[in-house]
Amino acid sequence: MNFAPTPEQQQIQDAIERICAPFDADYWLAKDREGGFPHDFHQALAESGWLGIAMPEEYGGAGLGISEAALMMHTISASGAGLSGASAVHMNIFGLHPVVVFGSDEQKKRWLPPLIQGRDKACFGVTEPNAGLNTLKLQTRAVRSDGGRGDHYVVHGQKVFISTAQVANKILLLTRTTPVEQARGTEGLTLFYTDLDRSKIDVHEIDKLGRKCVDTNQLFIDGLRIPVEDRVGEEGQGFSYILHGMNPERILIAAEAIGLGRAALARAAGYAAEREVFGRPIGKNQGIQHPLAEAWMELEAAHLMVHKAAWLYDQGASCAAEANAAKYLGAEAGWRACERAIFTHGGMGYAREYHVERYMREAWIPRLAPVSPQLILCFIAEKVLGLPKSY
């Protein structure tokens with residue numbers, strides 16, 4: 001068992017760190033204050049070929065695994081970019097995985113290269129206001145023309161908490177093609193990847209606590225026309241396709257949360273070593289040292305679960321429990337590291353110029369999304385411990 005990064009993985013980390021270096025803490029502080037998508041950061045990664053790290057080589061990707069993708073996202077977040085930087089490219093890394101697995105060759109040739117090259121930006125249209133995590137009950141309806149034999153679908157409905165919809169020109173959209181009362185099991189949902197037509201989709205930004213530069217939105221869809229050739233796989237099987245992207249997403253968000261925690265911890269340790277009170281650095285006090293040491297251990301332990309989950313996924317093995325555990329542990333460890341960074345700074349931790357309050361605000365994201373910690377606990381209790389289903 002070898003925990004050391006491979007030479008290739010070390011090269012990835014070094015390369016990502018070099019790209020992130022010009023986008024320093026002041027850059028992200030300005031983005032947090034003013035908003036505006038970090039197009040220059042997104043383009044820097046695109047020009048270096050990293051947006052396709054986990055996509056097939058024949059379409060311009062690097063053909064690497066989720067282990068390498070998690071390393072990339074951790075490195076971006078830990079650079080000080082935090083969830084602002086990670087969220088700007090997150091969709092590229094995992095979002096079109098259902099297309100990679102279930103799309104036709106023609107679709108992959110048409111869709112993947114522009115995304116990898118940074119010419120397209122995509123958003124992920126799944127969550128709905130009245131369904132939440134109960135995806136099987138979503139209501140956005142796609143009806144095929146000519147009684148189910150036509151060349152297009154027409155879509156009506158709503159989506160919520162849709163990131164990057166202000167700047168995206170594409171959407172991966174999960175819809176209902178069979179009424180809820182007629183659907184059997186997980187069938188009845190259909191997946192599309194299509195143009196985000198703003199004449200048919202109203203995009204309303206949600207003003208939120210943090211990550212101002214990566215927008216979050218509510219979508220109102222009224223008569224969106226989608227060609228049949230933009231349907232991913234078979235009609236009615238969209239839920240099973242989406243499931244193939246859920247475990248990678250949990251692994252990546254865990255890696256990002258841990259990177260965020262490490263960025264906060266580094267700032268806390270630096271401040272503790274320099275700040276003097278009563279004639280001595282505050283970092284000399286065990287009341288400062290111990291919480292930071294605990295945070296380091298928690299982040300390290302969570303990162304080991306990320307490595308395990310990613311390795312299992314890349315081997316084609318079952319990893320649902322490990323991916324969910326990684327997301328839970330990474331989010332909690334990242335949160336506590338950010339909290340302790342603020343405590344270490346004292347009153348200065350509340351000041352924006354010291355950055356840790358921004359990290360604390362961003363640390364809410366992996367705790368809340370893409371699945372709640374409570375639902376993860378329910379999943380582990382049922383699927384791992386064999387307890388009765390509670391929901």
Side-chain angles (χ1 to χ4, degrees), residues 17 20-41 73-88 90 163 205-216 253 255-299 302 330-369:
E17 286 177 346
C20 290
F23 303 95
D24 59 11
D26 290 335
Y27 172 89
W28 294 110
L29 177 59
K31 286 293 181 184
D32 185 66
R33 284 174 171 157
E34 301 161 10
F37 188 83
H39 291 286
D40 46 355
F41 176 73
M73 301 309 291
H74 172 271
T75 304
I76 290 172
S77 188
S79 74
L83 270 294
S84 293
S87 298
H90 184 94
S163 294
E205 187 167 0
I206 298 170
D207 194 17
K208 56 190 188 295
L209 179 68
R211 207 193 67 177
K212 185 175 176 64
C213 66
V214 179
D215 53 271
T216 303
I253 198 74
E256 294 161 19
I258 293 163
L260 179 66
R262 284 180 166 157
L265 186 60
R267 286 202 168 268
Y271 184 83
E274 297 174 359
R275 172 66 169 162
E276 290 193 5
V277 179
F278 300 117
R280 54 189 271 152
I282 63 172
K284 204 170 185 179
N285 302 319
Q286 291 178 354
I288 296 292
Q289 291 181 351
H290 290 182
L292 298 182
E294 287 174 352
W296 181 86
M297 290 187 285
E298 290 168 355
L299 290 167
E332 296 303 311
W335 165 269
R336 283 192 288 271
C338 292
E339 180 185 53
R340 290 168 186 181
I342 288 182
F343 278 135
T344 300
H345 283 75
M348 291 301 182
Y350 206 63
R352 286 195 169 189
E353 65 180 289
Y354 285 84
H355 303 287
V356 290
E357 64 83 31
R358 170 166 55 89
Y359 296 156
M360 181 83 260
R361 288 184 283 112
E362 292 189 352
W364 275 107
I365 299 171
R367 293 188 88 202
L368 296 170

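Values below: every heavy atom of this structure, side chains too, minus hydrogens, waters and symmetry copies.
Checking side-chain atoms of Thr344 against main-chain N and O of Arg340 turns up a donor-acceptor pair under 3.5 Å. With Lys31 contributing its side chain and Gly36 its backbone, the two residues share a donor-acceptor pair below 3.5 Å. Side-chain atoms of Gln289 come within 3.5 Å of backbone N or O of Gly283 as a donor-acceptor pair. Checking side-chain atoms of Ser79 against main-chain N and O of Glu17 turns up no donor-acceptor pair under 3.5 Å.
Closest of all the heavy-atom pairs between Gly261 and Ala337 is O-CB, 3.6 Å. Nearest approach of Ala341 to Ala264, heavy atoms of both residues: CB-O, 3.5 Å. Of all non-hydrogen atoms in Ile253 and Pro366, the two that sit nearest each other are CG1-CB, 3.9 Å. Taking each heavy atom of Ser77 and Gly259 in turn, the nearest pair found is OG-C, 3.6 Å. Of all non-hydrogen atoms in His345 and Arg267, the two that sit nearest each other are CE1-O, 3.6 Å. Considering all non-hydrogen atoms of both residues, Ala88 and Val214 come closest at N-CG2, 4.0 Å.
Arg358 and Ser84 share no donor-acceptor pair across their side chains, judged by distance under 3.5 Å alone. For the residue pair Arg262 and His74, a side-chain donor N or O sits within less than 3.5 Å of a side-chain acceptor on the partner. In the model, Arg211 has a side-chain atom that pairs as donor or acceptor with a side-chain atom of Thr216 under 3.5 Å.
When side chains are defined from C-beta on, Cys20 counts as touching Phe41, because their heavy atoms get closer than 4.5 Å. Using a 4.5 Å heavy-atom cutoff, the side chains of Ile282 and Tyr271 are in contact. Within the 4.5 Å cutoff, the side chain of Arg352 has heavy atoms near those of the Arg33 side chain.
Here CG of Leu29 is found 9.0 Å from CD of Glu34. Values are rounded to the nearest 0.5 Å. To the nearest 0.5 Å, atoms CZ (Arg361) and CD1 (Ile365) are separated by 10.0 Å. If you take CG on Asp26 and CD on Glu353, they are separated by 10.0 Å, rounding to the nearest 0.5 Å. Taken from CD1 in Ile258 to CG in Leu299, the straight-line distance is 6.5 Å, to the nearest 0.5 Å. Expressed to the nearest 0.5 Å, how far OG of Ser87 lies from CD of Glu256 amounts to 6.0 Å. For the atom pair Arg336 CZ and Leu265 CG, the distance stands at 13.0 Å (nearest 0.5 Å).
Ring pair Trp28/Phe23 is tilted by interplanar angle, where 30° to 60° counts as tilted.
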Are Asp40 and Tyr27 close enough, and set up right, to give a side-chain contact (heavy atoms from CB on, under 4.5 Å), and what steps lead you there?
CA-CA 11 Å; Asp40 46 355; Tyr27 172 89; 2.5 Å; yes
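In Asp207, the CG atom is not crowded: 12 or fewer heavy atoms of neighbouring residues, nucleotides or ligands sit closer than 6.0 Å. The local environment of NZ in Lys284 is sparse, with at most 12 non-hydrogen atoms from other residues, nucleotides or ligands closer than 6.0 Å.
Under the salt bridge (charged side-chain N to carboxylate O under 4.0 Å, His left out) criterion, Glu276 pairs with no residue at all, not counting sequence neighbours.
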